[in-house]
Number of protein chains: 2
Amino acid sequence: MRYPPDYKANARARLLETASALAKEKGFGTTGVDALMAAAGMTSGAFYSHFKSKPELLKAIIEHELAHTTALFTGKDTAALRKAFRSYLSEQHVAHPESGCPLPALTPEVARADAATREVFEQQLVQAKDQLQAQLSDDGHAWAVIAQVVGAVMLARAMASPEARKALLQDVRQSVDALLVTQE
Amino acid sequence: MRYPPDYKANARARLLETASALAKEKGFGTTGVDALMAAAGMTSGAFYSHFKSKPELLKAIIEHELAHTTALFTGKDTAALRKAFRSYLSEQHVAHPESGCPLPALTPEVARADAATREVFEQQLVQAKDQLQAQLSDDGHAWAVIAQVVGAVMLARAMASPEARKALLQDVRQSVDALLVTQE
DNA sequence: GTCTATAGGTAGATAGAC
DNA sequence: GTCTATCTACCTATAGAC
């Protein structure tokens with residue numbers, strides 16, 4: 001055998017990483033298999049050794065990327081949570097979708113995807129929400145906080161001017177800070 | 001002349017309406033000019049009599065559709081606003097993107113679009129925010145409310161189960177109600 | 001203004017060499 | 001497992017008849 005036994009798993013992991021970054025930056029549906037593979041230093045023919053179709057890749061991207069997001073809310077006290085949200089609502093995050101959360105970049109494409117992909121999405125997102133809810137009081141509205149920060153990053157990215165982006169982010173940062181403070 | 005003088009404007013308006021609905025439902029980038037025109041009962045050749053390119057159509061869709069959204073927040077007292085947000089956060093709205101707000105459906109595509117499109121987007125969205133801010137106190141966080149409801153509808157649409165969708169919407173409805181109440 | 005026809009390019013996916 | 005080559009389908013956009 002010309003390839004070591006763990007070669008395929010490693011190659012798939014690298015492929016998933018570069019494909020996720022490109023999909024978050026340019027969009028999943030509008031980016032061809034050719035471009036997704038080129039980003040990993042391969043050609044399109046090799047794609048189907050790792051995924052049976054392009055929709056299958058979207059499911060894998062969501063599974064892989066949302067695990068990172070869930071980790072953001074895991075095992076953190078209120079102070080650490082506030083810091084995590086500051087980072088989420090930063091201009092850095094808005095400026096770099098390729099290395100950021102998949103939710104502001106890919107959610108509408110997930111909404112139009114097959115049931116299997118949406119189930120993976122839901123499972124991971126509910127888990128993140130439960131992790132956050134555990135740190136809030138009963139009327140803490142964890143879903144509202146999540147919707148707020150995801151919506152904010154997405155809307156900020158579509159703005160034309162840095163000033164408008166800053167104003168939006170600043171307002172939502174204050175809102176989230178207040179929500180985290182009053183729960184103690 | 002075989003067509004009356006106002007024919008072109010009317011045809012363009014009808015085209016914009018059906019193309020907007022289809023783009024919100026299926027995505028703009030992934031829907032071909034052929035399909036967009038067929039929805040209006042025409043063929044693709046006629047498209048370029050109304051728009052000089054496909055990106056130009058996205059700009060027109062955003063301009064046209066966001067005007068509706070801005071109108072939602074115009075000249076309303078707190079009670080009317082609360083009613084408008086209830087409707088925005090309804091399962092009906094989540095289930096029918098084609099007749100709903102363009103923000104939860106098309107914003108990531110706007111983020112990847114040209115500067116002219118993003119400028120139209122920003123202008124309209126800031127106007128909507130100003131209308132809402134006028135009804136809130138100084139610490140009302142109009143951007144936070146908008147980000148919250150847009151994010152909620154988008155995330156709800158990507159969920160697999162009706163139960164998860166309902167839980168998310170319910171939580172955000174309560175959050176928004178509280179924000180509108182405490183501002184008086 | 002809308003149609004059909006078509007150009008030229010790229011999409012997702014498969015086949016066979018190595 | 002990855003490559004090149006290829007198939008078929010679709011894409012955006014244009015040309016010319018009506």
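Every chain is numbered from 1 and lettered A, B, ... according to where its sequence line falls, protein lines coming before strand lines. The figures that follow rest on heavy atoms only: side chains count, while hydrogens, waters and symmetry mates do not.
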Note, DNA chain D 5' to 3' with Watson-Crick or G-U pairs under 3.5 Å encoded as ( ), [ ], | and . gives ||||||||||||||||||

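- Regarding contacts with the backbone of D:dC3, a side-chain N or O of A:T43 is found under 4.0 angstrom from either OP1 or OP2.
- Remark: C1' of C:dT10 and CE of A:M37 are 17 Å apart, rounded to the nearest angstrom.
- Rounded to an integer number of Å, the gap from CZ of A:F28 to P of C:dA11 is 13 Å.
- Within the nucleic acid shown, B:G41 comes within 4.0 Å of sugar-phosphate atoms alone, with no base atom in reach, counting heavy atoms only.
- Remark: B:E56 engages B:K59 in a salt bridge, criterion side-chain N to carboxylate O under 4.0 Å.
- Other residues, nucleotides and ligands place more than 12 heavy atoms under 6.0 Å from the CD atom of A:E25.
- Look at NZ on A:K54: it is 13 Å from C1' on D:dC10, rounded to the nearest Å.
- Environment of CD in A:E98: crowded, with over 12 heavy atoms of neighbouring residues, nucleotides or ligands closer than 6.0 Å.
- Separating the OH atom of A:Y7 from the P atom of D:dG1 is a distance of 9 Å, rounded to the nearest angstrom.
- For A:D34, the listed nucleotide lying nearest its side chain is C:dA11; candidates were C:dA11, C:dT2, D:dT12.
- For A:Y48, a side-chain nitrogen or oxygen approaches OP1 or OP2 of C:dA13 to under 4.0 Å.
- Counting non-hydrogen atoms under 4.0 angstrom, B:F47 reaches nothing in the nucleic acid.
- Which of C:dA13, D:dT2, C:dG1 sits closest to the side chain of B:H50 comes down to C:dG1.
- Ring geometry for B:Y88 against B:H93 counts as perpendicular: the plane angle is over 60°, on a 0 to 90° scale with 30° as the lower cut.
- Between the CZ atom of B:F51 and the C1' atom of C:dG1 there is a distance of 14 Å, rounded to whole Å.
- Dense packing is recorded around NZ of B:K129, with more than 12 heavy atoms of other residues, nucleotides or ligands lying under 6.0 Å away.
- Residue contacts shown for A:G32 are limited to sugar-phosphate atoms, with no base heavy atom under 4.0 Å away.
- Side-chain contact between B:L106 and B:E65: absent, with no pair of heavy atoms (C-beta onward) separated by less than 4.5 Å.
- Here the side chains of B:Q124 and B:T69 are not in contact, with every heavy-atom distance at 4.5 Å or above.
- Checking C:dA13, D:dT2, C:dG1 against every side-chain atom of A:S53, the shortest atom distance belongs to C:dA13.
- Set against D:dG1, D:dT2, C:dA13, the side chain of A:K8 has D:dG1 as its closest nucleotide.
- The distance between atom CG of B:L36 and atom P of D:dA13, rounded to the nearest whole Å, is 12 Å.
- Here C:dA11 presents its C1' atom at 15 Å from CG of A:L57, a figure rounded to the nearest Å.
- The closest side-chain heavy-atom distance from A:Q170 to A:R173 is below 4.5 Å.
- Contacts of A:T30 with the nucleic acid, taken as non-hydrogen atoms under 4.0 Å apart, are absent.
- Regarding B:R14, its CZ atom lies at a distance of 13 Å from the P atom of C:dG1, rounded to whole Å.
- Proximity note for B:S44 (side chain, C-beta onward) versus D:dA13, C:dG1, D:dT2: the nearest is D:dA13.
- Side-chain proximity of A:A46 to the nucleotides D:dA13, D:dC3, C:dC3 is greatest for D:dC3.
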